[in-house]
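Side chains included, hydrogens not; waters and symmetry mates left out as well; all remaining heavy atoms used.
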Amino acid sequence: MMNRLIDNKLRWALIFVALSACGRLENVGKAPEISPIANTNEHYAMMRVPLPKSSEPALVSDSASLWESGRHSLLGNQRAEQVGDIVTVVVEIDERAEISNSTSRARAGSESMGIPSLFGIPQRINEALPEGASLDTAVATNSSSSSSGDGSVRRKEKFSIRVAATVVDVLQNGVLSIQGTQEVRVNFELRELLVSGYVRPADINRKNEVSYDRIAAARISYGGRGQITDVQQPRYGQQVADILLPF
């Protein structure tokens with residue numbers, strides 16, 4: 001029964017390893033594929049026709065004016081404000097953090113209790129006790145404990161990049177929901193940049209740019225996939241072992 005159970009576990013382990021390797025074997029000798037831009041949130045946002053801001057018909061004098069006030073004019077507002085508009089997100093992170101702490105603790109205690117004499121009763125009891133046992137030191141305990149710990153964290157991050165994001169939704173309070181993706185493939189390595197969050201129209205400057213620190217609920221991801229990333233990652237078996245092994 002035990003051998004059969006071990007064989008079943010080994011069989012399932014082999015099946016798991018084979019299935020996990022199938023996806024990677026398909027990419028042997030191939031560059032990672034770039035995600036299509038069709039049928040994405042940005043694509044649907046750009047296809048949506050925004051409603052007019054006013055239902056009043058345009059006056060004849062508006063078209064006859066020398067200076068137009070539209071968004072596409074020289075003096076018009078070029079900042080993103082409606083679904084489908086594009087805004088440039090500037091991500092410039094240069095942060096450093098250093099944290100260190102140390103703790104120490106020590107404790108010692110001892111207790112001793114005995115009955116050397118009590119109306120001669122301990123002497124009578126000592127005669128019945130095994131050799132070496134006595135009520136003179138009936139109970140004696142001592143304990144000690146100590147612990148110490150040191151910890152330090154040192155982190156430095158520097159990241160600078162610009163990415164175009166699309167307004168995918170306008171909330172009821174006028175805040176813009178943006179989402180942007182960027183993929184760059186060099187040889188067999190694909191770098192991905194994902195940006196999403198909420199932006200106030202007032203935080204967008206005249207260049208139609210917004211800094212990452214003015215994006216609420218900002219989600220910025222910079223990573224990649226390819227041959228170099230695959231080599232840097234631990235094997236699946238090692239990752240499972242690191243989780244399951246208690247030592």
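Sequence neighbours left out, not one pair with a member in residues 189-216 passes ring pair (Phe, Tyr, Trp, His ring centres under 6.0 Å). For residues 140-161, the pairs satisfying ring pair (Phe, Tyr, Trp, His ring centres under 6.0 Å) are Phe159-Tyr222, with sequence neighbours left out.
Applying the side chain to side chain donor-acceptor pair (under 3.5 Å) criterion to Arg225, with sequence neighbours excluded, gives Glu192. Among residues two or more places apart in sequence or in another chain, the side-chain contact (heavy atoms from CB on, under 4.5 Å) test is passed with Arg219 by Ser196, Ala217. Residues passing the salt bridge (Lys or Arg N to Asp or Glu O under 4.0 Å) test with Arg155 are Glu157, sequence neighbours excluded. Considering only residues two or more places apart in sequence or on other chains, Asn208 meets the side chain to side chain donor-acceptor pair (under 3.5 Å) condition with none of them. Every residue meeting the side chain to side chain donor-acceptor pair (under 3.5 Å) condition with Asp203, not counting sequence neighbours, appears here in chain and number order: Arg200.
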Without placing hydrogens or testing angles, list every side-chain donor-acceptor pair under 3.5 Å for residues 160-184, not counting sequence neighbours.
unit_1, atom_1, unit_2, atom_2, d
Arg162, NH2, Glu209, OE2, 2.3
Asn173, OD1, Val175, N, 3.2
Gln179, OE1, Asn41, ND2, 3.1
Glu183, OE1, Ser35, N, 2.9
Glu183, OE2, Ser35, OG, 2.9

What side-chain donor-acceptor pairs closer than 3.5 Å can you find for residues 86-99, not counting sequence neighbours?
none

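The hydrophobic cluster around Leu194 extends to none of the other residues, as no ILVMFWY side-chain heavy atom falls under 4.5 Å of it.
Between the CG atom of Asp150 and the OG1 atom of Thr103 there is a distance of 7.0 Å, given to the nearest 0.5 Å. To the nearest 0.5 Å, atoms CD1 (Ile204) and CZ (Arg79) are separated by 7.5 Å.
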